[in-house]
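Reminder, nothing fancy here: chain letters follow the sequence lines and each chain counts from 1.
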Amino acid sequence: NVAEQLTPVLLDGLREESLQLVSKLKDSSGSCAVDVSTVWWEAAGSRELRVVTACESSVSLWKPLASDRWGKVYTWQLGEIPVIQIVPLLDTCNLVCIALGDLEIGEIRLLLYSSENDSFKQSPVKTGNIKAVLGLKDRRLVSSSRTVQEQQVEIVSFSETGRSKDGQTLMPPEETVLAFAEVEGMSDALVGTTAVNSIVVWNLKTGQLLKKMHVGYSYPASICHRAYSDSGLLFVVLSHPHAKESESCGNPAFRVIAFNPKTARSTGVMFSSLPPGHAGRQVPGGLCVPASYLEGDVKDASAAAVLTSGAIAVWDLLLGQCTALLPPGPAGSWVLARWAATSACLLAGQRDGTVCLYRY
Amino acid sequence: CSESDLGPISLNWFEELSAEAPS
């Protein structure tokens with residue numbers, strides 16, 4: 001019955017991609033869900049994908065059981081500072097980072113399983129006024145943080161057992177860096193988006209700041225999600241959380257932009273707008289807040305985002321089209337949309353701790 | 001995208017910018 005009610009609505013005339021409900025888990029602790037992610041976990045010689053859920057005061061690890069069920073393996077208790085984000089480390093096993101803070105990130109902590117003494121642990125990675133953080137390949141983490149005088153952009157590496165190795169500093173731009181993305185296929189390149197709508201490019205090996213390129217003020221608060229280099233151009237997937245349905249032509253939710261890093265000139269390649277006709281949220285007094293996008297995630301050519309209406313929209317970024325729409329469930333609105341570390345699996349979360357896994 | 005829109009394109013942009021940028 002639940003599966004039937006949660007069957008996503010496909011929009012007319014689009015390709016036949018759809019979302020199939022595969023399994024569901026629910027944290028019965030009664031705390032509000034803050035984030036969800038996946039992590040590769042190695043146990044007894046085999047590697048499997050596990051789900052990590054976060055509420056304000058704890059983070060839980062879930063393993064797949066028989067018949068599409070999930071069982072909680074362990075819960076890390078975090079103390080007084082609220083968890084605000086899970087930071088997955090790509091292509092690593094048995095390690096995941098979390099960001100803690102009030103309105104902004106004040107601390108990053110590593111959660112891990114230590115086979116040395118067969119125990120689950122947590123250890124501090126970094127504290128400060130942290131503006132952005134991203135897990136990179138090869139057990140590395142990049143973050144930007146601000147002091148009164150300056151900005152620090154730092155990479156921390158972890159050993160397999162979770163010990164922090166020497167950090168590396170990247171040359172900071174003048175503006176605050178608000179998001180990072182690795183450049184796929186270029187192991188030494190990293191991009192970031194700044195508070196004044198610029199794209200910056202670093203050489204990770206040397207720490208050099210190679211280029212700063214302006215995105216344009218007509219698309220405020222751009223956040224980079226993905227970057228790749230092809231034919232001498234740098235393609236960057238940007239999202240615009242303030243996109244509005246009513247301005248769908250001029251204010252898309254996601255854009256793919258091609259930059260020529262040599263000249264800093266750019267051109268739009270593809271635009272993905274909010275799904276038409278998906279009405280906004282009704283508020284007391286009968287006013288309708290237009291549909292906009294609250295938060296989203298990009299993996300390969302797929303983007304997913306929670307809309308203010310409580311639905312989740314999925315786009316094919318290469319087609320520039322919305323391919324599936326997951327309406328709010330019977331238990332309430334969706335609040336989280338994340339792609340799993342494996343291909344084609346969407347994690348959709350509700351505030352009450354319910355997480356549904358959809359095959360896309 | 002044409003070269004006229006974006007200016008001269010180099011396949012080795014990363015290496016060239018790394019050679020030019022202050023370290």
Side-chain angles (χ1 to χ4, degrees), chain A residues 153 155 168-174 181-192 198-216 227-237 255-271 318 320, chain B:
Chain A
V153 182
I155 293 186
Q168 185 204 350
T169 305
L170 304 182
M171 199 178 286
E174 285 168 18
E182 277 190 286
V183 181
E184 291 159 32
M186 295 184 86
S187 57
D188 294 332
L190 178 77
V191 302
S198 290
I199 295 276
V200 285
V201 186
W202 287 278
N203 182 329
L204 284 175
K205 198 175 258 178
T206 61
Q208 289 166 294
L209 179 62
L210 300 182
K211 200 77 179 179
K212 193 165 80 178
M213 303 177 283
H214 201 247
V215 176
Y228 55 96
S229 180
D230 191 1
S231 308
L233 296 174
L234 178 66
F235 292 83
V236 184
V237 177
R255 286 190 305 157
V256 183
I257 306 283
F259 290 90
N260 180 353
K262 290 288 286 182
T263 61
R265 290 191 211 162
S266 64
T267 186
V269 176
M270 194 54 80
F271 301 78
L318 297 180
Chain B
C1 319
S2 67
E3 284 225 349
S4 58
D5 295 334
L6 296 168
I9 290 166
S10 169
L11 294 177
N12 300 316
W13 64 267
F14 187 74
E15 292 75 17
E16 289 168 13
L17 292 179
S18 296
E20 294 162 10
S23 50

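- Closest approach of B:Leu6 and A:Thr263 over heavy atoms only: O-OG1, 2.6 Å.
- The side-chain heavy atoms of A:Thr206 and B:Ser23, taken from C-beta on, include no pair separated by under 4.5 Å.
- Smallest separation of non-hydrogen atoms from B:Phe14 and A:Leu210: CE1-CD1, 3.4 Å.
- Pairing each heavy atom of B:Ser10 with each of A:Lys262, the nearest pair is CB-CG, 4.0 Å.
- Residue contact with chain B, scored on non-hydrogen atoms closer than 4.5 Å, is absent for A:Asp230.
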Output, in order, the C-alpha distance, side-chain angles, deciding distance and verdict of side chain to side chain contact (heavy atoms under 4.5 Å, CB included) for B:Leu17 and A:Val201. CA-CA 10 Å; B:Leu17 292 179; A:Val201 186; 5.9 Å; no
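- In this structure, B:Trp13 and A:Ser229 approach most closely via the heavy-atom pair NE1-OG, 3.1 Å.
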Verdict with supporting geometry, B:Glu20 and A:Lys211, salt bridge (Lys or Arg N to Asp or Glu O under 4.0 Å): CA-CA 10 Å; B:Glu20 294 162 10; A:Lys211 200 77 179 179; 6.0 Å; no
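- Using a 4.5 Å cut-off between heavy atoms, A:Val183 does not touch chain B at all.
- Side-chain contact of B:Ser18 with A:Asn203: a donor-acceptor pair under 3.5 Å is present, judged by distance alone.
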